[in-house]
There are 2 protein chains.
Amino acid sequence: MKYIEKLRNSGLRPTKQRLQICEVLFNTDKTFHFTINELEQKIKKQTNNKISLATVYNTVHAFEKKGYLKQIPINSSEAYFDTNVSDHHHFYDLKEEKLIDLENSDVGPINILKKINGKKIKSVEVLVKLED
Amino acid sequence: MKYIEKLRNSGLRPTKQRLQICEVLFNTDKTFHFTINELEQKIKKQTNNKISLATVYNTVHAFEKKGYLKQIPINSSEAYFDTNVSDHHHFYDLKEEKLIDLENSDVGPINILKKINGKKIKSVEVLVKLED
DNA sequence: GAGTAGTTTATAATGATTCTAAAAAAGTGT
DNA sequence: ACACTTTTTTAGAATCATTATAAACTACTC
Ligand SMILES: [Mn+2]
Ligand SMILES: [Mn+2]
Ligand SMILES: [Zn+2]
Ligand SMILES: [Zn+2]
């Protein structure tokens with residue numbers, strides 16, 4: 001199975017629960033954005049199986065650390081994650097509280113002119129807030 | 001006093017506590033970034049006076065709503081606010097957990113090519129994460 | 001000054017996230 | 001398969017930032 005490698009790379013053994021989480025996260029062409037609670041709901045629906053919240057949190061964080069998921073910087077009471085780990089940007093619809101992908105080509109090149117001594121750039125992320 | 005107007009514009013009466021909060025927030029040439037807890041500490045030091053957390057939260061939120069403060073979108077357990085309400089961007093030093101201003105001129109123009117039907121752009125914010 | 005509406009405060013409630021420790025499962029060697 | 005060790009899952013508790021509450025206090029109006 002293709003998920004076993006992802007799990008092992010993340011330092012996790014391929015257990016039944018973790019493979020189910022992988023199914024929901026990665027068994028789709030489309031990438032998507034989610035909160036932990038949305039993910040838990042999706043797992044319950046898609047697999048008719050409840051996985052404890054702690055396991056969902058742990059697995060998501062391990063994938064995030066390894067780079068198989070990323071967290072989107074946003075002001076919300078809940079953390080938003082993204083299965084699209086390519087460099088890209090986001091609209092945030094304030095009314096709907098939903099993220100929408102913005103490809104790099106939708107934004108154009110961003111050149112950071114200022115430098116900070118002894119630090120290097122890890123990521124550059126654009127958040128475009130939308131209102132009606 | 002210059003703060004009375006800011007407070008009235010925000011729908012707040014100029015009370016002793018709120019004026020003290022204004023002193024700490026606005027009585028300086030330099031703008032700065034803060035969390036609610038950092039602000040509370042600053043108030044205690046600068047005015048030798050404890051103001052209840054609820055009042056600090058309420059006042060900050062009223063100023064934010066009116067546009068005298070803004071919140072910076074970032075993944076942190078605490079919300080970060082900015083007394084610099086001009087359009088600008090940020091470095092985020094992951095090690096120090098500190099924000100650093102990036103002026104618009106340090107980033108260059110950003111042109112969002114994608115449009116979302118029925119929505120308009122409220123803000124465009126760039127977050128540049130820094131590591132060692 | 002009396003009356004009213006807004007404010008402050010301590011404290012409680014909420015809710016996302018993290019921690020804990022016991023039970024369950026998986027891996028290892030024989 | 002069995003005994004033994006290590007990892008994992010889980011329910012529930014703990015944490016902590018934020019928000020809500022409601023009683024005491026203060027500011028504004030007439
Ligand atoms: Mn994380
Ligand atoms: Mn706010
Ligand atoms: Zn995305
Ligand atoms: Zn700033």
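The chains referred to below are lettered A, B, ... by the order of the sequence lines, with proteins before strands, and numbering in each begins at 1. Any value given below was found using the heavy atoms of this structure, including those in side chains, with hydrogens, waters and symmetry copies removed. Note that the structure is predicted; figures quoted are calculated from it, not measured.
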Under 4.0 angstrom between A/Arg18 side-chain N/O and D/dT9 OP1 or OP2: yes
Just the rounded figure in Å: distance from C1' of C/dA24 to NZ of A/Lys16. 11 Å
Below 4.0 Å: OP1/OP2 of D/dT10 and any side-chain N or O of A/Gln17: yes
Gap between atoms CG and C1', on B/Asn75 and D/dA17 respectively (whole Å): 15 Å
Ignoring hydrogens and angles, tell me if any N or O in the side chain of A/Thr83 forms a donor-acceptor pair with the backbone of A/Phe32 under 3.5 Å. yes
Using whole Å, report how far CD of B/Gln41 lies from C1' of D/dA17. 15 Å
Write down the distance between CD (B/Glu78) and P (D/dT18), rounded to a whole number of angstrom. 6 Å
State, without any angle test, whether A/Asn84 and A/His33 hold a side-chain donor-acceptor pair at a distance under 3.5 Å. no
Using a cut-off of strictly less than 4.0 Å, decide whether B/His61 has a side-chain nitrogen or oxygen near OP1 or OP2 of D/dT19. yes
Using only side-chain N and O atoms of B/Thr15, determine if any of them is under 4.0 Å from OP1 or OP2 of C/dT8. yes
Reckon B/Tyr57 has a side-chain N or O less than 4.0 Å from the OP1 or OP2 of D/dT18? yes
In whole angstroms, the gap separating C1' of D/dT8 from CD1 of A/Ile51 amounts to 12 Å
Please determine if A/Lys129 and B/Glu125 form a salt bridge, counting it only when a charged side-chain N lies under 4.0 Å from a carboxylate O. yes
Can you tell me the distance, in whole Å, between the CG atom of B/Asn37 and the C1' atom of D/dT15? 14 Å
From the list C/dG27, D/dT10, C/dG6, which nucleotide is the closest neighbour of the side chain of A/Arg13? C/dG27
When you match B/Ile36 and B/Pro14 each to their closest nucleotide on DNA chain D, which lands nearer the 5' end? B/Ile36
Taking only side-chain N and O atoms of B/Thr55, does any of them lie within less than 4.0 angstrom of OP1 or OP2 on C/dT9? yes
Using whole Å, what does the distance between atom C1' of nucleotide D/dA17 and atom CD of B/Glu97 come to? 14 Å
Nucleotide C/dT20, atom P - distance to CG of A/Leu53 in whole Å: 18 Å
Should the pair B/Glu5-B/Lys66 be classified as a salt bridge under the 4.0 Å nitrogen-to-oxygen rule? no
Does a salt bridge link B/Asp132 with A/Lys119, judged by any charged N lying under 4.0 Å from a carboxylate O? yes
Out of D/dT18, C/dT9, C/dT17, which nucleotide sits closest to the side chain of B/Ala54? C/dT9
For D/dA11, take OP1 and OP2 only and decide whether either is under 4.0 Å from a side-chain N or O of A/Lys50. yes
